[in-house]
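Computed from a predicted model, the values in this text were never measured in an experiment. All chains are named by letter (A, B, ...) in the order of the sequence lines, taking the proteins before the strands, and each is independently numbered beginning at 1.
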2 protein chains.
Amino acid sequence: MVEEQDERILAELQKDGRATNQQLAEIVGMSTSACWRRVRALEESGVISGYSALVARERAGFATSAILHVSLERHDVKFVDEFVARVMQRREVLECFATTGDADYHLRVVVRDMDAYNRFLDEFMFRIPGIRHVRTNVILKEIKTGVALPF
Amino acid sequence: MVEEQDERILAELQKDGRATNQQLAEIVGMSTSACWRRVRALEESGVISGYSALVARERAGFATSAILHVSLERHDVKFVDEFVARVMQRREVLECFATTGDADYHLRVVVRDMDAYNRFLDEFMFRIPGIRHVRTNVILKEIKTGVALPF
DNA sequence: TCATGATTTGGTAGATTTTACCGAAATGGA
DNA sequence: TCCATTTCGGTAAAATCTACCAAATCATGA
């Protein structure tokens, strides 16, 4: 499905999402037209789900972030669906994963300051029905924030 | 520093990192040349740190991922620096955050399968000097994997 | 209020890139 | 081997980027 040469393209487009088709073709060693078609195919098949500018969090004014461990009281679809639906529409929640281990979910939340984080908890998180437990792990330092899959 | 109109640009480029300058200019309501200059300034000032294609993890053949809670035995700069240096160069580690709470670090690791994850632990993680504890939280479901800051 | 220097703006044109199409080459079953 | 299908490289028109210009805007002090 995704083969050798496609992976080269994906690796490069992960590194530079605005590389021109010509640069790309040269790097992966094919003609511009063949390369262009493959990129298009990767987009249309959904392997490439989109493109994004990567914005430096602090420089853009988002000083505070945290990883939340969240557990639900009960795991009926009702509560789970409600939780998922609410989390999906809060833009401060950049990531949310259902996980094994002590917590049911891991969330990464990014806000402008501690005040905003406090509001996030009070006005959003603590009001979700069926929440058993929320533990905040404040992010002291971002060692690494990558998006590129390790081809 | 980063003002109103810049935020509109950033929001849009986060949504579509390959939007043409013309689309962008129209959306944020300025001339193409003014818009182009602002984007360029955002890039050069480092507010935009880069661009990336977003690749669908599963479709690209990475079936397994996990969130690791890692604690160090001791927190001398020596051990910390060594840990950070090693983590930085492992591409399976997409994210690494130093956090408050029970664990010193939260890592998100993406690999092709469980076998690869097992190797990752044995050959890499467990060999880092000064590790006190590693807890694996397997990701059962990706509810949300966003990169866009909530402007 | 006005003058002045600095900054930012919109428009433009040449250079570059994208994108769709072509016939040729490669591929793979029967 | 033959034929159908896919994939290839090349090409040209359309779209876009990018660097320049002069005009408009802004900030400041007289």
Bending between helix ends of the helix from C:dT1-D:dA30 to C:dA30-D:dT1 [5 pairs per end, 10° resolution]
40°
Which ones in residues 24-34 of chain A lie close to DNA chain D, meaning a heavy atom under 4.0 Å from one of its atoms?
A:Ser31, A:Ser33, A:Ala34
Sole candidate of A:Glu95, A:Gln89, A:Arg108, A:Met88 that passes side-chain contact (heavy atoms from CB on, under 4.5 Å) when paired with B:Lys144:
A:Met88
Residue set satisfying side chain to side chain donor-acceptor pair (under 3.5 Å) with B:Arg40, at least two apart, ordered chain then number -> B:Glu44
With a 4.0 Å cut-off on N to O distance, would you call A:Glu12 and A:Arg8 a salt bridge?
no
Relative to the ring of A:Tyr105, is the ring of A:Phe83 parallel (under 30°), tilted (30 to 60°) or perpendicular (over 60°)?
tilted
Can you work out whether A:Arg37 or A:Ala19 has the more 5'-proximal nearest nucleotide on DNA chain C?
A:Ala19
Set of salt bridge (charged side-chain N to carboxylate O under 4.0 Å, His left out) partners for B:Asp115, sequence neighbours left out:
B:Arg119
Closer than 4.0 angstrom, basic N to acidic O: yes or no for B:Glu123 and B:Arg127?
no
Please list every donor-acceptor pair under 3.5 Å in which a side-chain atom of residues 65-72 of chain A meets a protein atom from a residue at least two apart or in another chain.
{"residue": "A:His69", "atom": "NE2", "partner": "A:Asn137", "partner atom": "ND2", "Å": "3.3"}
{"residue": "A:His69", "atom": "NE2", "partner": "B:His106", "partner atom": "NE2", "Å": "2.9"}
{"residue": "A:Ser71", "atom": "OG", "partner": "A:Asp102", "partner atom": "O", "Å": "3.4"}

If you restrict it to nitrogen or oxygen atoms, what contacts under 3.5 Å exist between nucleotides 13-16 of chain D and the protein, and what is each distance?
{"residue": "D:dT16", "atom": "OP2", "partner": "B:Gln22", "partner atom": "OE1", "Å": "2.9"}

State whether the side chain of A:Asp76 and the backbone N or O of A:Lys78 hold a donor-acceptor pair below 3.5 Å, judged by distance alone.
no
